[in-house]
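Below is one structure, written out as structure tokens, with a few remarks after it.
Please read these numbers as outputs of a predicted model, since none were measured by experiment. Atom set for the values below is all heavy atoms of this structure, side chains included, hydrogens, waters and symmetry mates excluded. Just follow the structure's listing: the first ligand is 1, and inside any ligand the first atom is 1. Position 1 is the first residue of the sequence; numbering continues from there.
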Amino acid sequence: MTNREDVSTPRRTKEIIQRHGFQFKKSLGQNFLIDQNILAKIVDAAGLDETKGALEIGPGIGALTEKLAQAAGKVTAVEIDQRLLPILEEVMEPYGHVTVIHGDVLKLDLQQLFAEQFGDCQSVSVVANLPYYVTTPIMMNLLEAGLPLENIVVMIQKEVAERMAASPGGKDYGSLSIAVQYYSEPQLVCTVPPSVFIPQPNVESAVIRLKVRQTPPVQVKDEAFFFEVVQASFTQRRKTIANNLKSRFFSGEGRERLEALLAEAGVEPSRRAETLSLQEFAVLSDVLYAAGLTV
Ligand code: SAM
């Protein structure tokens, strides 16, 4: 074997892992990619070139990092597991424009990281095969931080990807769909079987691309209140929107006031939250906010 063989070939991955005596930690969501086609699809979806930067979360032994290094002008990778640092140092040795940071991505100051790492880049993408146990907090942190991001291309659990991209009316549509679609335009890139990882996860995976919006698709009077209304509306999916909102905002009051406000927002009280579009939630939350209901 030569060192030029890609990190992600099953042979080189096994060789690196054995030589370093690396033991996978399930608790850190360690499932490493060993499939060239899937890696190419992830990197292609990010639309990188030498003027652009990529932030990778959880580089593992560097399968994706290597491909990002070949496509982007700057790559910064944040890895929580200290045991992987010497491996990454060895594997990334040919790539001077790759920086590996040891840390928990949920605890880092992302604004500062962006300013320090990507000052010279025309745009930045997050590209990662995420640890599944923290997918939602990582994604929401990235979206809510108001970072100068072009897009986010990630491998996540298929079921979560379907919820993020779901349209109103189906069982997958919920508060996660609305939160993600408020900040971005999601698009499923491909679904991925467990066989492309070692060790194999117990679930199906998918690659999803989120084109980050510069401005939200709706202008609401109070963002925190909008998300509170969305959350409250989905508290019990089988209940009507009127019943869910009553439990959260109108416990001491009569139903007439709630029904009058729903009528003002153009929402039938018998509808369920899963039938409301993001635009309808925006109108509803503004009507409730103007009526003096607050978080
Ligand atoms: N990118 C590699 C690949 O595709 O082969 C590894 C992906 S593996 C699914 C997830 C990686 O995220 C692991 O290397 C794990 O140690 C790392 N990780 C887990 N939690 C993390 C966190 N909170 N912050 C940074 N990295 C984390």
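- For the pair Glu56/Val127, no side-chain contact is recorded, criterion being any heavy-atom separation below 4.5 Å from C-beta on.
- Residue Gly103 places a heavy atom less than 4.0 Å from ligand 1.
- Counting heavy atoms under 4.0 Å from ligand 1, residue Tyr132 does not touch it at all.
- Taking any N or O of Leu33, backbone or side chain, at least one lies under 3.5 Å from an N or O belonging to ligand 1.
- Considering Gly58, Pro201, Ala63, Gly62 only, the shortest heavy-atom separation from atom 1 (N) of ligand 1 involves Gly58.
- The aromatic rings of Phe22 and Phe32 lie parallel to each other, with less than 30° between the two planes, well short of the 60° mark.
- Only the backbone of Leu130 comes within contact range of ligand 1, with a heavy atom under 4.0 Å; no side-chain atom does.
- In this structure, of Lys25, His102, Gln82, Glu79, the residue bringing a heavy atom nearest to atom 14 (O) of ligand 1 is Glu79.
- Polar contact with ligand 1: present for Val105 (N/O pair, distance under 3.5 Å).
- Between Arg238 and Glu274 there is no salt bridge, since none of the side-chain N atoms of the basic residue sits less than 4.0 Å from a carboxylate O of the acidic one.
- Note that NZ of Lys211 and CD of Glu150 are 7.5 Å apart. Values are rounded to the nearest 0.5 Å.
- No heavy atom of Lys107 sits closer than 4.0 Å to any atom of ligand 1.
- Counted by atom type alone, Gln200 and Asn31 present zero donor-acceptor pairs between their side chains at under 3.5 Å.
- Looking at Glu79, its side chain never comes within 3.5 Å of a backbone N or O of Val100 through a donor-acceptor pair.
- Under the 4.0 angstrom criterion for non-hydrogen atoms, Leu106 is not in contact with ligand 1.
- Counting protein heavy atoms only, atom 20 (N) of ligand 1 is closest to Tyr133 OH, 2.9 Å.
- Under 4.0 Å from ligand 1, the heavy atoms of Pro59 that appear belong solely to its backbone.
- Near Asp104, the atoms of ligand 1 lying under 4.0 angstrom from a non-hydrogen atom of the residue are 22 (C), 23 (N), 24 (N).
- Every atom of ligand 1 with a heavy atom of Phe32 under 4.0 Å away is listed here by number and element: 5 (O), 6 (C), 14 (O).
- Put simply, the side chain of Ile38 reaches to within 4.5 Å of the side chain of Ile42, judged on heavy atoms.
- Tyr182 is listed as a side-chain neighbour of Glu223, based on a closest heavy-atom distance under 4.5 Å.
- Between Glu56 and ligand 1, at least one N/O pair is under 3.5 Å apart.
- Ligand 1 places these atoms under 4.0 Å from at least one heavy atom of Gln30: 13 (C), 15 (C), 16 (O).
- Polar contact check, Asn129 against ligand 1: a nitrogen or oxygen pair lies under 3.5 Å apart.
- Closest to atom 19 (C) of ligand 1 among all protein heavy atoms lies Leu28 O, 3.2 Å.
- A 4.5 Å side-chain heavy-atom check between Phe249 and Leu258 finds every atom pair outside the cut-off.
- Atom 27 (C) of ligand 1 has its closest protein heavy atom at Ile80 CG2, 3.4 Å.
- For ligand 1, the atoms sitting less than 4.0 Å from at least one non-hydrogen atom of Val78 are 25 (C), 26 (N), numbered in the order shown with element in parentheses.
- A salt bridge links Arg248 with Glu228: the distance from a Lys NZ or Arg NE/NH1/NH2 to an Asp or Glu carboxylate oxygen falls below 4.0 Å.
- Per-residue contacts place Gly29 under 4.0 angstrom from the following atoms of ligand 1 (heavy atoms of the residue considered): 8 (S), 9 (C), 10 (C).
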Point to revise | Verdict with reasoning, Ser285 to Lys221, per side-chain hydrogen bond (donor to acceptor under 3.5 Å, both in side chains) | key: CA-CA 8 Å; Ser285 98; Lys221 292 198 167 87; over 6 Å; no
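- The pair Glu15-Arg11 does not meet the salt-bridge criterion, since no charged nitrogen lies less than 4.0 angstrom from a carboxylate oxygen.
- Counting the atoms of ligand 1 from 1 in the order shown, those under 4.0 Å from a heavy atom of Asn31 are 7 (C), 8 (S), 9 (C).
- Atoms of ligand 1 lying under 4.0 Å from at least one heavy atom of Leu84, given by number and element, are 14 (O).
- Nearest heavy-atom pair, Tyr132 versus Leu130, reported as atom, atom and distance to 0.1 Å: CD2-O, 3.0 Å.
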